[in-house]
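Quick one: this structure, given as structure tokens, is what I'll be asking you about.
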Amino acid sequence: MSEGRFRQRVLSTVRRIPIGRVATYGDIARLAGRPRAARAVGNIMRDCRARDVPCHRVIAAGGAIGGYSDLPVKRALLRAEGLIVTSTRVKDFARKRWPERRKRR
DNA sequence: TATATGACAGCAT
DNA sequence: CATGCTGCCATAT
């Protein structure tokens, strides 16, 4: 099956994104221990067939929708979770982003 | 061991 | 706001 230690860490991280919340590829990379591997995360999401992995909750930087095998479906899934999604971005992204950002000291 | 491949990010234009 | 380019990286060949 799937190889790649990083891959496993990415999948388990994505599995923890709560319903109605989103995270960027970069966020996942960081949480998975490789802050600059956002692009690699995208490659991993590309195969995302596992149903228990909410890959639709992984979007691009700044709240942009990002990629998906079928964008209309991605928008529908996000909307179904209560998010407001325009053709290109998730509205109110800062507040829907997961996990909560640490306040600066 | 080397090269190719992107559901990216950030900056420049 | 849209394009394009560079840096970065795990994976597959």
Side-chain angles (χ1 to χ4, degrees):
Chain A
M1 291 284 274
S2 327
E3 269 321 307
R5 183 186 148 72
F6 181 64
R7 182 194 169 86
Q8 295 309 315
R9 294 183 55 97
V10 165
L11 296 182
S12 63
T13 299
V14 172
R15 270 190 285 257
R16 288 162 30 214
I17 304 176
I19 295 176
R21 305 297 301 286
V22 294
T24 68
Y25 296 94
D27 288 339
I28 299 302
R30 176 167 47 72
L31 294 171
R34 290 286 179 294
R36 318 205 187 145
R39 200 168 187 177
V41 169
N43 287 337
I44 291 168
M45 292 297 95
R46 181 155 54 73
D47 292 317
C48 189
R49 349 128 206 178
R51 303 255 290 328
D52 62 328
V53 180
C55 47
H56 60 285
R57 309 210 266 245
V58 182
I59 64 180
I65 282 299
Y68 199 79
S69 56
D70 187 332
L71 289 179
V73 169
K74 186 172 188 176
R75 280 190 287 268
L77 291 172
L78 290 173
R79 285 168 176 153
E81 298 186 348
L83 295 171
I84 297 178
V85 188
T86 69
S87 63
T88 61
R89 30 185 323 93
V90 169
K91 212 175 174 188
D92 205 13
F93 165 63
R95 280 161 52 67
K96 297 302 181 179
R97 193 178 187 178
W98 175 89
E100 304 299 335
R101 319 264 276 341
R102 273 219 334 161
K103 285 184 179 176
R104 7 198 182 71
R105 39 203 269 84

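Reminder, nothing fancy here: chain letters follow the sequence lines and each chain counts from 1. Bear in mind the structure is a predicted one, so any value in this text is a computation, not a measurement.
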- Message: What residues from residues 55-83 of chain A pass a heavy-atom cutoff of under 4.0 Å to DNA chain C?
- Response: none
Name each donor-acceptor pair under 3.5 Å that joins a side chain in residues 27-39 of chain A to protein atoms two or more places apart or in another chain, with its distance.
unit_1	atom_1	unit_2	atom_2	d
A:D27	OD1	A:T24	OG1	3.3
A:D27	OD1	A:R30	NH2	3.0
A:D27	OD1	A:R97	NH2	2.8
A:D27	OD2	A:T24	N	3.0
A:D27	OD2	A:T24	OG1	3.2
A:D27	OD2	A:R97	NE	2.9
A:D27	OD2	A:R97	NH2	3.4

- Which heavy atom in A:M45 sits nearest to a heavy atom in A:V14, and how many Å separate them? CE-CG2, 4.0 Å
- Item | Heavy-atom side-chain proximity of A:K74 to A:I59 below 4.5 angstrom | yes
- Where do A:I19 and A:R57 come nearest, in terms of heavy atoms and distance? CA-NH1, 3.5 Å
- Taking side-chain hydrogen bond (donor to acceptor under 3.5 Å, both in side chains) as the test, write out the residues that go with A:D52, two or more places apart. A:R15
- If you round to the nearest 0.5 Å, how far is CZ of A:R21 from CZ of A:F93? 10.5 Å
- Query: When rounded to the nearest 0.5 angstrom, what is the spacing between CZ in A:R75 and CG in A:L83?
  - Reply: 13.5 Å
- Query: Of all nucleotides in DNA chain B with an atom under 4.0 Å from a non-hydrogen atom of chain A, which is the first and which the last going 5' to 3'?
  - Reply: B:dG6 to B:dG10
What nitrogen or oxygen pairs link the protein and nucleotides 6-10 of chain C at under 3.5 Å?
unit_1	atom_1	unit_2	atom_2	d
C:dG7	O6	A:R39	NH1	2.5
C:dC8	N3	A:R39	NH1	3.4
C:dA10	OP1	A:R34	NE	3.3

- Side chain to side chain, A:I65 and A:V90, heavy atoms closer than 4.5 Å: yes
- When rounded to the nearest 0.5 Å, the distance separating NE2 of A:H56 from SG of A:C48 is 9.5 Å
- Task: Could you tell me which residues satisfy side-chain hydrogen bond (donor to acceptor under 3.5 Å, both in side chains) with A:R16, sequence neighbours excluded, listed by chain and number?
- Result: none
